[in-house]
Amino acid sequence: MQMSTRVVSSSTTSTPKRGKRKEGSGKGLQEMSMTVHRMKCVQTQPQAINCIAFQSLLLEQNQHEDGDLGVQEKCAIARADATIEIWNITAGYVLEQILPGGHGLSVECMVWLENTLITAGVYSNIFEWDLAAGTITAQHDSYGGPVFSMAINNAKDTVVIGCDDGSVRMYEFDVQTGLTFKRTIAKQGGRVLCLSWAPDDATLAVGDDQGGIRIVTGTGKVLHRLLLQDSSVEEKVCVWDVVFTSTNTLASASSRGQIQFWNALHGVETQTLSSHTGPILALATTRTGEILSTGVDAKVVMYKQAITNGSEWEPVQQRRELTRDCRAINVSPVSQQILYGGLDTTLCSFDAKEFASPNASHHIVSSLPQMNSVYLSNTSLLGVPMLCSFENTRINIWSIASKRDIQYELQINLKSVSNVTCVAISKCGKFLAASALDGVRVFKLIVKEENGKGTLEAEKIMGTEALSASRELSFTTSTQYLVSLACNGSLEMLNLETGEFTRTALPQKLASKTQTRCHLSISSNDEWAVMSLANTIIWFTLDTLKLHGVARTRSIITSLSTVPKTSGVLVVTANKQITMFDSEKCVASKWSKDAGSFVPKSWAKYKGIVQQLSFCEGSPSLAVCVTQSGILFVDISKSLSVSASSARANPEKRAKQHDQKIADVGKSLTIYKPLLFAQLLDKHSLVVVERSWLAIEAALPDPIARTKYGT
């Protein structure tokens, strides 16, 4: 695709010359001249990673790509603003769910049990999250101040927490009743920073900020008291983490930058290693018995027991892919993926089986949002399109003029304890809806004349209390209805004119999937409400909210959109396959059946999922697919069928023609990145929103100061 661009922004970009081919250009799509509104106004700032937890689930046969039973691994990433991200590792690091943080919330530690995530932090509260509903189901007081550590035993029925007052509190866990307080283990002098159960669940190691480690039984009896320093030394030593490698072997990480090994049976130190240049903040173990450490120097070091002397440990490999303090490290129980992160905000992964190899590769997971946080209206009461984005409890709105830079118009602050979970703005720009954990708010946007100038204001619409907390919101084309995919697994609809409320519960088998990635789209003729949960597409008739049909893909759906002026639904999955479905029959359309689900060749080399998919009314056959590394334009008016003569030809010629047709359908544009958002205003106007990594880096704290060489 040959595209000339005129940029409306404070920044500029070069215009490709006609006849010269650049990356992302080519023949096949009709040549077009497009005005690009290039925006950098959305100041998204990712937060540091505090802790990592894993869960492994047995897949149903129809969920697995190969049609067989398999294991699906997920991880929970807790960030400094108390936001928790649920990632699907098996699908290729797909962000499935975000549990919002909020004012007065903190997550310093967490464990994952069944479908319940238990978190705690510096505000003395322990929360139980129901991942199916995406809400907090229970809250407990620690009765010991801030909680800095938490551990679950291997039987998965007992949780212990380490408190600021030096006590360890023990809770029993049941799937039906949740946490039940059991006992308090005797206090010690300093705050508890780390906990670890022995493999046999008979003993528990407790580390504090006074350089001490206690080994206690489940009833609280102290078996050993271990000290990392002499009482005559004034330097304060913190035990940041402890981990059992076997029933009788304990490893500890300290603020001295040392990892020490202890005989837990006799309570004596057996070995000390100094492989870090700063405090060690986290430890983890692999299934084969290796130990991993990371900390302030951002290095990850692997230790193994020496072959010649089985009782001695030695560092076998170290890597440094991040630049700032690393606070958390963990290893997935099945695939043995090493995940670690910290102040850099990005998540880095290694394969534990290949970590010791000199040629081991790593994977960086971007901390920019994989779920949409930017929205666009085609017009507004100001007579121009509007862009809105949300962060924490704030919603910011800009107007987009054709002959000037964007104008900041309005900020809406939700009076909510939790952060915003999703937002929707009507195509006409007159209504805006936002959801938090305590419900949905709907605002009417109005213009007031002041000093001869129109000022945008928001008036809250009353009578929306019936709407539950939502994961996805969408206005109908007529703006008469607001449709919500609720956190409780139901589809809800509110008539904004009459206040009439309708709710339809999902079938039980589908409602159990609401803890995964989901989407909601309304057809342009307001006939269908189409939603997706994991790899399942669900159709409802909009007037009655009755279930119309269900279809499934072979991988998790990462983006979905109805096609304007047709009954089509276009979906993109985690493996970047593009498929068109027919809403009337709830099956793949002829366009897809001609060539099957396909992956455009121009995107084969780009990492990351397609996180946004959209159309515009002025060009209903052109789909805009967005990843953080570029835009893919897909022309769905192009046929994917192979001619009859080629079908009778040899397979090689048929495959060549098939590949050429797919190449003609999709072309990429990669000069704008990293991308938060991109959408067509009309067939000659494109809005892109970027967030520079340099700007993110500038807002991060400086890395640890290191002594210069030779000083």
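These numbers were taken from a predicted model, which means no experiment stands behind them. Only this structure's heavy atoms are used, side chains among them; waters, hydrogens and symmetry mates stay out. Sequence positions, counted from 1, serve as the residue numbers for this chain.
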Proximity of Trp398 and Tyr408 rings by center, below 6.0 Å: yes
message: Looking at Met580, is its backbone amide N or carbonyl O close enough to the side chain of Ser592 to form a donor-acceptor pair, meaning the two atoms are under 3.5 Å apart?
response: yes
- request: With the side chain counted from C-beta on, respond yes when His37 and Pro385 share a heavy-atom pair under 4.5 Å apart, and no when they do not.
  value: no
Thr670-Ser668 side chain donor-acceptor pair, cut-off 3.5 Å: no
statement: One should read off an interatomic distance between Cys388 SG and Leu376 CG, to the nearest 0.5 angstrom, of 8.5 Å
- prompt: Under the criterion side-chain hydrogen bond (donor to acceptor under 3.5 Å, both in side chains), which of Ser468, Ser490, Ser470 is the partner of Ser484?
  reply: Ser470
- prompt: Where do Glu459 and Lys444 land on the salt bridge (Lys or Arg N to Asp or Glu O under 4.0 Å) test, with the steps shown first?
  reply: CA-CA 5 Å; Glu459 288 185 351; Lys444 184 177 182 181; over 6 Å; no
query: Arg471 and Gln97: side-chain donor and acceptor closer than 3.5 Å?
result: no
message: Does either side chain, that of His363 or that of Ser349, offer a donor lying less than 3.5 Å from an acceptor on the other one?
response: no
query: Are side-chain N/O atoms of Asp582 and Ser589 paired as donor and acceptor at under 3.5 Å?
result: no
task: Start with the C-alpha distance between Glu690 and Arg38, add both sets of side-chain angles, then the distance that settles salt bridge (Lys or Arg N to Asp or Glu O under 4.0 Å), and finish with yes or no.
output: CA-CA 8 Å; Glu690 299 171 280; Arg38 188 180 186 183; 2.5 Å; yes
- request: From the options Thr558, Ile98, Ile609, select the one residue that forms a side-chain contact (heavy atoms from CB on, under 4.5 Å) with Gln370.
  value: Ile609
- request: Please report the closest heavy-atom contact between Ala469 and Leu437, naming both atoms and the distance.
  value: CB-O, 3.6 Å
message: Once salt bridge (charged side-chain N to carboxylate O under 4.0 Å, His left out) is applied, do any residues pair with Glu527, and if so which ones, sequence neighbours excluded?
response: none
task: For the residue pair Met493 and Tyr481, establish whether any side-chain heavy-atom pair is separated by less than 4.5 Å.
output: yes
field: Any residue meeting salt bridge (charged side-chain N to carboxylate O under 4.0 Å, His left out) with Glu617, in chain and number order, not counting sequence neighbours
entry: Lys427
query: Can you check whether Val634 reaches Cys625 side chain to side chain, under 4.5 Å on heavy atoms?
result: yes
field: Any side-chain heavy-atom pair of Trp528 and Glu584 under 4.5 Å
entry: yes
- request: Check step by step if side-chain contact (heavy atoms from CB on, under 4.5 Å) holds for Leu632 and Ile578.
  value: CA-CA 11 Å; Leu632 177 70; Ile578 300 176; 4.1 Å; yes
field: Minimum side-chain heavy-atom gap Ile397-Gln411 below 4.5 Å
entry: no
